[in-house]
Amino acid sequence: KAGVTQTPRYLIKTRGQQVTLSCSPISGHRSVSWYQQTPGQGLQFLFEYFSETQRNKGNFPGRFSGRQFSNSRSEMNVSTLELGDSALYLCASSRGTSGYNEQFFGPGTRLTVL
Amino acid sequence: AQKVTQAQTEISVVEKEDVTLDCVYETRDTTYYLFWYKQPPSGELVFLIRRNSFDEQNEISGRYSWNFQKSTSSFNFTITASQVVDSAVYFCALLLIQGAQKLVFGQGTRLTINP
């Protein structure tokens with residue numbers, strides 16, 4: 001069974017640009033969660049999508065957005081990039097049903113904003 | 001509010017020493033899960049263990065062991081006879097079942113095992 005894949009693995013952008021990151025969950029998983037990891041703030045929850053709907057959202061500005069497609073693949077977008085957006089972005093997939101759901105993490109996309 | 005605290009930012013030991021990573025959590029929920037993840041330099045989070053709030057039994061897996069104590073809201077992780085390959089950043093995390101199913105992570109402990 002293939003794991004969670006994230007593309008691209010590395011990305012370099014400049015301030016003011018926008019970026020789109022992609023996450024393909026494990027087959028059969030309907031929930032995709034995104035996390036941002038920075039040296040200063042650690043690992044923080046961005047948002048979760050389930051069946052094409054945003055189900056939960058963390059405390060991030062509106063420049064951070066996402067969506068999920070009918071095949072459960074998810075994208076997150078960051079507009080008007082700032083230096084502080086440089087981070088490792090991790091996505092996790094799970095079945096998303098009620099009760100406990102194991103979350104499986106992808107390898108991450110490392111974004112550098114210059 | 002939910003919170004996970006890993007008081008040790010960095011730990012450095014010599015190979016073969018035992019080392020314990022501390023984790024203290026806060027939640028008002030009665031049903032939750034606790035996790036430990038390992039993050040090597042490649043960045044991927046590697047799942048190590050999951051514990052639910054109703055199971056306080058300690059667990060041992062090879063050189064790894066975990067001590068869960070609800071009375072002190074702690075979930076500590078011990079590596080016995082550490083090896084250089086254990087060098088990584090280790091995260092403790094809390095997952096609530098009710099409401100938003102999001103992981104709340106501690107700040108991580110960078111463990112360096114010196115040969």
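Quick note: numbers below take in every heavy atom, side chains included, and nothing from hydrogens, waters or symmetry partners. Here is how names work: the chains are called A, B, and so on, in the same order as the sequence lines, proteins then strands, and each is numbered from 1.
In the hydrophobic cluster analysis, where Ile, Leu, Val, Met, Phe, Trp and Tyr join through side-chain heavy atoms closer than 4.5 angstrom, A/Leu88 is grouped apart from A/Leu114. Residues B/Val24 and B/Phe35 fall into different hydrophobic clusters, defined by Ile, Leu, Val, Met, Phe, Trp and Tyr side chains chained together at heavy-atom separations under 4.5 Å. Note on A/Leu21: it clusters hydrophobically with A/Phe60, by side-chain heavy-atom contacts below 4.5 Å among ILVMFWY residues. Under the 4.5 Å side-chain heavy-atom criterion for Ile, Leu, Val, Met, Phe, Trp and Tyr, A/Phe45 and A/Tyr49 are members of distinct hydrophobic clusters. Transitive grouping of hydrophobic side chains (ILVMFWY, heavy atoms separated by less than 4.5 Å) brings A/Leu90 and B/Leu95 into a common cluster.
Taking chain B as the reference chain and counting heavy-atom pairs below 4.5 Å, the highest number among A/Gln44, A/Gln37, A/Gln41 is found for A/Gln37. Of the listed residues A/Gly58, A/Gly108, A/Ser31, A/Gly106, the one with more heavy-atom pairs under 4.5 angstrom with chain B than any other is A/Gly106.
Contact of A/Leu43 with chain B is made through backbone and side chain together, with heavy-atom distances under 4.5 Å. Proximity to chain B (any heavy atom under 4.5 Å) is shown, for A/Gln6, by neither the backbone nor the side chain. Contacts of A/Glu102 with chain B are made by side-chain atoms alone, with heavy-atom separations under 4.5 Å and no backbone atom involved.
When all heavy atoms are compared, the tightest approach of A/Tyr35 to B/Leu103 is OH-N, 2.9 Å.
One distance of note links NZ of B/Lys102 with CD of A/Gln103; it measures 12.0 Å at 0.5 Å rounding.
Of residues 105-115 of chain B, those residues lying under 4.5 Å from chain A by any heavy-atom pair are B/Phe105, B/Gln107. Contacts of residues 42-75 of chain B with chain A at a heavy-atom distance below 4.5 Å involve B/Ser42, B/Gly43, B/Glu44, B/Leu45, B/Phe47, B/Arg50, listed in sequence order.
More than 12 heavy atoms of other residues, nucleotides or ligands lie within 6.0 Å of CG in A/Asn71, so this atom counts as buried by the packing criterion. Taking a 6.0 Å sphere around CZ of A/Arg15, one finds it holds 12 or fewer heavy atoms contributed by other residues, nucleotides or ligands.
Inter-residue side-chain proximity for A/Phe105 and B/Gln39 is flagged as unmet; no heavy-atom pair is nearer than 4.5 Å.
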